[in-house]
Amino acid sequence: MHSLLGDLVAWHLSQQTATTLGKRLYDALQQAIGQGDIATGTRLPASRDLACELHVSRNTVLWAYEQLQAEGYVETRTGSGTFVCRQLPESHPLRDSLPEAGPDAPFPMASLSRRGSQLLAQGGAGARQWGAFMPGVPDVSHFPRDIWRKITRRLSHRLPLAALSYTAPGGYGPLQQALVDHLRIVRSVQCSADQILIGAGIHQILDLLAKMLCDPGDRAWIEEPGYWGIRNVLTINGVDVEPVAVDDEGMTLPEPGEGFCPPRLICVTPSHQYPLGTVMSMQRRKGLVARARAWGSVIIEDDYDSEFRFYEQPIPALQGLCDDAPVIYLGTFSKTLYPGLRISYAVLPRALAGRIKMAHSELYRGGNGLAQLTLAEFIREGHYAAHVRRMRQLYRKRREALVAVIERTLGPEYVERQSHAGLHLILALPQSIDDVALSAELEQCGILTRPLSGYYMGTARRHGLLLGYACVDAGEMAQTFMPVAERLAARLSPGQVSAAGGGS
Ligand SMILES: Cc1ncc(COP(=O)(O)O)c(C=O)c1O
């Protein structure tokens, strides 16, 4: 019989050099306890069991336990067994030989690379990822778990063994095919199954694309303001990101002047600019595709939440605008189903597909077969479309409730008008309001918002708060918004307060 603790002791035993077996076992146990591998309070195996596992005599174990007890490392409790003492002796050989730990103690192994430190310094991922007004997170409580469970159970009975191994490069065929059909109908994306790469989130796929398409020092245009995740993933891969302003039609395209050097990547969110919500105009789309083609640049089309347009049909994706557009289309199930599913996809140009899919296998080893097959069935049987339809109605109601409460309490000018879609809206603030401080103060009282200025790489041209309404019931919107209105009112000057609606 093998136990985890027995294996651990056996490993420590193999490190010892004392001449007798009893002393070696004693040293091994003392080392394991001293290093914290066996935690204080742990019950040690019964002497008979440990002897059996280590192939030593029971007397050897008893002798080692007795020595440890005499020195205050373990204690026996009648009828319960031998336990590591909660309070270890002040000094023991191993601890004495270790350097002092503490905030100032040098510990070079734990230092980060420059890019690692830079990543964390500008990171956007918080400890809490769910709750009122967290932007970009769907209401996962409405996910149809029963249907999902039924499909999973059905598939489990006849699961091909291959689904338990790594996936073939690109992911599972049935999911790739379901995506081809779905994307053609709802996003006018033109592709075949072999162009689809299934990944574990847009972040992961972008990380792969940066590695495979860019050398350190290559340049990428990103939207200003733009999603911090894109910026961070590119930066940690040594790509120089250049912010390009966004206007009412989407990313503005700089006129190539003398010495112009085209970027390798152009990253855009044309269906619903993140975070402002603008939809890229058709003229801008055509211009972007034409220029990227002429420059040899690759457009990364991040289509993270186009499913949630409330008042009009979504504009077709850039990818399907013309044959062989220089576009890599990215989509995710994080917003439509739930973020923890970690299933996203890329539609790759034919000329790149095979090599990028192979690289994905090399770097990340695809898997999660049952979830991929379940999702394929979920889409094919129509549950996905039905769920998205239901959620679209729900989010539309929630958005309307939030707009109404902002207009009533603060005034219509506080609602950013460009966006009628997605899972968040922008509470537009005067430049005099420090949105970072306001957001931090709200977090103290449990309200999660994001400051708009944090999405700018350069000087923030606008201040505001991103408010995710997806997880707040329409009926509770007014009450949930109250702390935001109160904290904001305390910061507004009298003139600004009267300009606002003034009600409560
Ligand atoms: C614009 C944008 N792109 C991509 C993502 C991340 O998607 P995923 O969960 O698939 O990594 C997000 C998440 O909030 C997002 O807002």
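Here, residue 1 is the first one in the sequence, and each next residue gets the next number. Remember, it's 1-based here, ligands and their atoms both numbered in the order they're listed.
Within the 4.5 Å cutoff, the side chain of Y455 has no heavy atoms near those of the L276 side chain.
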- Message: For a salt bridge (charged side-chain N to carboxylate O under 4.0 Å, His left out) check, start with the C-alpha distance between E255 and R291, then their side-chain angles and the critical distance, and finish with the verdict.
- Response: CA-CA 10 Å; E255 279 307 322; R291 289 197 195 185; 3.2 Å; yes
- Item | Worked verdict on R158 versus L155 for side chain to side chain contact (heavy atoms under 4.5 Å, CB included) | CA-CA 6 Å; R158 51 180 167 89; L155 288 173; 3.9 Å; yes
- Check the pair D139 / R398 against side chain to side chain contact (heavy atoms under 4.5 Å, CB included), numbers first and verdict last. CA-CA 11 Å; D139 188 342; R398 291 180 176 181; 2.8 Å; yes
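Aromatic rings of H272 and F308 (six-membered ring for Trp) have centroids beyond the 6.0 Å cut-off, not under it. Between F333 and Y345, the ring center distance clears the sub-6.0 Å criterion.
With atom 2 (C) of ligand 1 as the reference point, the heavy atom nearest to it among L341, D302, V233, V137 is part of D302.
Within the 4.0 Å heavy-atom shell around ligand 1 one does not find G136. Using 4.0 Å as the threshold, Q204 has no heavy atom nearer than that to any atom of ligand 1.
One distance of note links CD of E307 with CG of L337; it measures 9.0 Å at 0.5 Å rounding.
Of the protein's non-hydrogen atoms, the one nearest atom 5 (C) of ligand 1 is Y227 CE2, 3.6 Å. Protein heavy atom at the shortest distance from atom 10 (O) of ligand 1 is T332 OG1, 2.6 Å. The shortest contact between atom 13 (C) of ligand 1 and any protein heavy atom is with K335 NZ, 2.9 Å.
Annotation: S334 places an N or O atom under 3.5 Å from an N or O atom of ligand 1; distance criterion only. Taking only nitrogen or oxygen atoms, main chain and side chain alike, I202 reaches within less than 3.5 Å of ligand 1. Polar contact check, Y274 against ligand 1: no nitrogen or oxygen pair lies under 3.5 Å apart. The shortest N/O to N/O separation between R342 and ligand 1 falls below 3.5 Å.
We find that R461 and E224 are not joined by a salt bridge, their nearest charged nitrogen and carboxylate oxygen being 4.0 Å or further apart.
Distances below 4.0 Å separate heavy atoms of H203 from the following atoms of ligand 1: 6 (C), 11 (O).
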